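Here the structure is laid out as structure tokens; the discussion comes afterwards.
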Amino acid sequence: FISMKAKAKFRGLINVSGFHVDPGYSGRLVFSVFNAGPKSLHFKRSDDLFLIWFANLDRQTEEKKNGKPLEAISSELINGISGEIQSAHSMSERLENLEKKMIHQNTLTKVMIGLFVPVVIFILKDFIL
């Protein structure tokens with residue numbers, strides 16, 4: 001059974017790739033995680049992030065993984081998870097950028113109205129009086 005260490009969980013990481021290794025599997029283990037935390041996280045190779053428990057089976061299993069063992073992370077695996085990161089942190093940054101744009105648009109609108117209204121009044125002053 002696979003579990004993520006508490007120090008990684010408390011920073012916002014969630015294991016999204018499963019919690020067990022099939023009996024008879026041989027090869028490297030690869031896990032996908034999602035950052036649900038408020039900021040970007042950085043790790044280096046060999047950081048301790050996961051725990052694994054081994055269980056004894058009460059009998060020999062007949063259902064074993066017979067595929068080729070994983071030796072490296074393939075481009076197929078990487079392409080499957082690539083794209084825009086949808087973390088809480090990235091959403092917060094997007095919202096902040098939208099707020100800045102709205103403030104800019106609001107300021108621009110006020111300036112345009114501030115310039116447009118006096119011009120209209122100047123043009124229409126003879127018709128109003």
Side-chain angles (χ1 to χ4, degrees):
F1 295 97
I2 305 295
S3 178
M4 192 174 301
K5 286 193 167 190
K7 69 179 181 181
K9 289 180 195 176
F10 294 152
R11 292 171 72 185
L13 284 186
I14 300 170
N15 178 7
V16 295
S17 61
F19 303 95
H20 75 280
V21 178
D22 293 325
Y25 177 80
S26 176
R28 295 182 181 267
L29 301 175
V30 176
F31 297 94
S32 297
V33 295
F34 176 75
N35 181 6
K39 57 186 169 182
S40 298
L41 301 174
H42 304 278
F43 300 98
K44 66 175 177 41
R45 181 183 280 242
S46 79
D47 279 352
D48 292 330
L49 297 175
F50 290 92
L51 300 168
I52 187 167
W53 287 269
F54 294 95
N56 289 324
L57 301 176
D58 61 353
R59 63 188 177 284
Q60 187 72 22
T61 181
E62 294 178 16
E63 297 181 28
K64 290 186 178 181
K65 288 285 183 180
N66 294 324
K68 183 178 174 185
L70 187 63
E71 297 298 327
I73 298 175
S74 68
S75 58
E76 182 179 336
L77 285 177
I78 293 170
N79 288 327
I81 61 169
S82 65
E84 186 176 353
I85 298 171
Q86 300 296 330
S87 68
H89 177 67
S90 70
M91 291 300 183
S92 176
E93 285 181 346
R94 289 180 67 187
L95 182 58
E96 187 177 317
N97 289 336
L98 282 173
E99 287 173 341
K100 287 177 184 177
K101 286 179 182 179
M102 286 183 67
I103 290 169
H104 177 74
Q105 289 291 335
N106 192 13
T107 303
L108 186 61
T109 301
K110 288 177 181 177
V111 168
M112 295 296 288
I113 290 172
L115 293 172
F116 182 71
V117 170
V119 169
V120 170
I121 290 173
F122 178 77
I123 292 170
L124 296 176
K125 72 179 177 186
D126 293 333
F127 297 104
I128 296 173
L129 298 175

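Keep in mind that this is a model prediction, so the values were computed, not measured.
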All heavy atoms of Ser32 vs all of Ser17, minimum pair found to be N-OG, 2.9 Å
**Q.** Pair Phe50-Asn15, side chain to side chain contact (heavy atoms under 4.5 Å, CB included): steps then yes or no
**A.** CA-CA 9 Å; Phe50 290 92; Asn15 178 7; 4.1 Å; yes
Exercise. Are Val111 and Met102 co-members of a hydrophobic cluster defined by side-chain heavy atoms under 4.5 Å apart?
Worked result: no
Sorted by chain and residue number, the side-chain hydrogen bond (donor to acceptor under 3.5 Å, both in side chains) partners of Arg11 (sequence neighbours excluded) come out as none
For Lys5 and Leu51 the tightest heavy-atom approach is CE-CD2, 3.4 Å
Grouping ILVMFWY residues whenever side-chain heavy atoms fall under 4.5 Å, the cluster of Leu98 otherwise contains none
Check: Does Thr107 reach the side chain of His104, with side-chain heavy atoms less than 4.5 Å apart?
Finding: no
Task: Any side-chain heavy-atom pair of Leu49 and Val33 under 4.5 Å - done: no
### Query
Do you reckon Phe54 sits in the same ILVMFWY cluster as Phe1, going by side-chain contacts under 4.5 Å, direct or chained?
no
For Ile113 and Pro118, the nearest pair of non-hydrogen atoms, with its separation, is O-CD, 4.1 Å
For the backbone of Lys101 and the side chain of Asn97, can you confirm whether one donor and one acceptor N or O come within less than 3.5 Å of each other? no
The side chain to side chain contact (heavy atoms under 4.5 Å, CB included) partners of Lys9 (sequence neighbours excluded) come to Ser3, Met4
Item to check | Any side-chain heavy-atom pair of Phe43 and Leu13 under 4.5 Å | outcome: yes
Output for pair (Ile52 CD1, Phe19 CZ), nearest 0.5 Å, gives 13.5 Å
